[in-house]
Amino acid sequence: MTAMRRKTSVATVRACTRQLARPARAAASLRFFKTGPGDYGAGDRFLGLTAPQLRQLAKEFAELPIAALRALLRSSWHEQRLLALIIMALQSADAGAQHQAALRRLYLAELRYVNNWDLVDASAAVLMRPQTGFARAALLRRLARSPQLWRRRVAMIATFDDIRRNEFALTLELCERLLGDTQDLMHKACGWMLRELGKRAPAHLRSFLRRHAARMPRTMLRYAIERLPEAERRRIMRSSRPAPRGARSWRA
């Protein structure tokens, strides 16, 4: 049965999330999302909601207006920000061009609140889709150069939409640009997108690996080759280690 949709205030949405709060689960989330001093999620706060609970609430509150979404996205509670992003993605998937553009403008204006990997992954590919008049590729290149981890991850995950449309150039370009990134979460994001690309275009993935496997961080490489045949994965991992002088490099 389709969930009943509510047109209501952001206060009602916040009250619903607080009613579902579970302190024990929230404590586990603090550890899982690395919220300690100096960690990537430092200072974040959790109520302890599950992903299925948030998806259900997103269906119920799917018609929240832009102003309410902005207020929810600015919440200090992680799950309320995630809920706003899930609703925005749901709206964008079904919206006309004008509302899609409004949601994208909101997203970019409040990007500082999209500040953990699950928030990025739930939103970037949908809310940053191509649209007439939107200089998307140039923006993603700028975000990929940002000193802020989450903006770089937005740039990378946004190219999932390109991959789904069998357009691979921007994904490959950004992965190459981000080879030297020092953050493990970026290694994972790049490797994930390369793996998805490889499902659709294995020749493109193998070409990228021939050129860059020796430079790729190990986490990125492992993610990228996860769907390749086991013997090929082993050969790539062996050959991507620093080779003795004169040794032959790997070729797929």
Side-chain angles (χ1 to χ4, degrees), residues 2-30 32-35 40-129 131 134 139 143 146 148-151 153-155 157-158 160-161 185:
T2 302
M4 180 181 67
R5 295 191 171 191
R6 309 188 207 180
K7 288 186 176 180
T8 188
S9 69
V10 69
T12 303
V13 180
R14 286 173 170 157
C16 286
T17 61
R18 288 194 293 270
Q19 288 169 6
L20 294 169
R22 295 294 181 270
R25 192 181 296 128
S29 294
L30 290 173
F32 184 73
F33 287 99
K34 307 294 186 186
T35 61
Y40 61 72
D44 208 351
R45 303 169 69 204
F46 288 80
L47 291 163
L49 277 70
T50 66
Q53 287 174 325
L54 289 170
R55 287 194 293 270
Q56 179 62 34
L57 287 173
K59 292 176 184 177
E60 294 178 17
F61 296 110
E63 297 179 8
L64 275 180
I66 290 286
L69 289 168
R70 178 181 292 108
L72 199 60
L73 189 54
R74 293 177 175 179
S75 172
S76 63
W77 295 107
H78 184 102
E79 292 95 338
Q80 291 180 358
R81 300 197 304 279
L82 180 54
L83 177 58
L85 292 166
I86 295 171
I87 293 171
M88 289 167 65
L90 286 175
Q91 289 188 9
S92 183
D94 296 329
Q98 185 174 358
H99 191 56
Q100 283 182 353
L103 290 166
R104 185 181 67 250
R105 288 193 296 269
L106 171 62
Y107 187 64
L108 292 172
E110 308 298 339
L111 205 53
R112 63 192 178 277
Y113 298 106
V114 186
N115 57 355
N116 214 311
W117 59 264
D118 61 327
L119 305 177
V120 173
D121 296 359
S123 58
V126 176
L127 296 174
M128 297 290 284
R129 289 179 299 178
Q131 191 176 23
F134 172 32
L139 175 59
L143 291 174
S146 172
Q148 297 179 10
L149 165 62
W150 306 121
R151 294 185 175 226
R153 189 166 174 113
V154 164
I157 300 303
F160 204 168
D161 182 75
L185 284 167

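What you see below is based on every heavy atom in this structure, not just the backbone, and it leaves out hydrogens, waters and symmetry mates. Each residue takes its place number in the sequence, starting with 1.
Side-chain contact between I87 and V13 is absent, with no heavy atoms from C-beta onward closer than 4.5 Å. Side-chain contact between V154 and Y107 is present, with heavy atoms from C-beta onward closer than 4.5 Å. At a threshold of 4.5 Å between non-hydrogen side-chain atoms, the residues T35 and Y40 do not count as touching. For the pair T50/L20, no side-chain contact is recorded, criterion being any heavy-atom separation below 4.5 Å from C-beta on.
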Distance-only donor-acceptor hits, side chain of residues 66-77, under 3.5 Å, sequence neighbours excluded:
from: R74; atom 1: NE; to: E110; atom 2: OE1; distance (Å): 3.1
from: R74; atom 1: NE; to: E110; atom 2: OE2; distance (Å): 3.4
from: R74; atom 1: NH2; to: E110; atom 2: OE2; distance (Å): 2.7
from: S75; atom 1: OG; to: W77; atom 2: N; distance (Å): 2.9
from: S75; atom 1: OG; to: Q80; atom 2: OE1; distance (Å): 2.6
from: S76; atom 1: OG; to: R45; atom 2: NH1; distance (Å): 2.6

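When the side-chain hydrogen bond (donor to acceptor under 3.5 Å, both in side chains) test is applied to Q91, the partners found at least two apart in sequence or on another chain are H99. For A97, the side chain to side chain contact (heavy atoms under 4.5 Å, CB included) partners at least two apart in sequence or on another chain are Q131. By the ring-ring contact (aromatic ring centres under 6.0 Å, His included) test, F46 pairs with F33, H78, sequence neighbours left out. Legend: residues meeting side-chain hydrogen bond (donor to acceptor under 3.5 Å, both in side chains) with S92, ordered by chain and number and at least two apart, are R129. Qualifying side chain to side chain contact (heavy atoms under 4.5 Å, CB included) partners for P23, counting only residues two or more places apart in sequence or in other chains: none. Applying the salt bridge (Lys or Arg N to Asp or Glu O under 4.0 Å) criterion to D161, with sequence neighbours excluded, gives R165. For L108, the side chain to side chain contact (heavy atoms under 4.5 Å, CB included) test picks out R104, L111, M128, L139, with sequence neighbours left out. Scored by the side-chain hydrogen bond (donor to acceptor under 3.5 Å, both in side chains) test, S146 finds no partners at all (sequence neighbours excluded). Contacts of R153 classified as side-chain hydrogen bond (donor to acceptor under 3.5 Å, both in side chains), with partners at least two apart in sequence or in another chain: D121.
With rounding to the nearest 0.5 angstrom, the CD atom of Q19 is 8.5 Å from the OG1 atom of T17. Remark: F61 CZ to Q56 CD distance equals 10.0 Å, nearest 0.5 Å. Summarising the geometry, atom CG belonging to N116 is positioned 9.5 Å from atom CZ belonging to F32; distances are rounded to the nearest 0.5 Å. Interatomic distance, Q53 CD to R55 CZ, rounded to the nearest 0.5 Å: 10.5 Å.
The nearest pair of heavy atoms linking C16 to L57 is CB-CD2, 4.3 Å. Residues L143 and A155 approach most closely at CB-CB, 3.8 Å, considering heavy atoms. Considering every non-hydrogen atom in both L83 and A58, the closest pair reads CD1-N, 3.5 Å.
Applying the salt bridge (Lys or Arg N to Asp or Glu O under 4.0 Å) test to residues at least two apart or on different chains, the pairs with a partner in residues 77-88 are D44-R81. Applying the salt bridge (Lys or Arg N to Asp or Glu O under 4.0 Å) test to every pair with at least one member in residues 13-23, sequence neighbours left out, gives no pairs at all.
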Run the side-chain contact (heavy atoms from CB on, under 4.5 Å) test on L119 and W150 for me, step by step, so that the C-alpha distance in whole Å, both residues' side-chain angles and the decisive distance to 0.1 Å come before the verdict. CA-CA 9 Å; L119 305 177; W150 306 121; over 6 Å; no

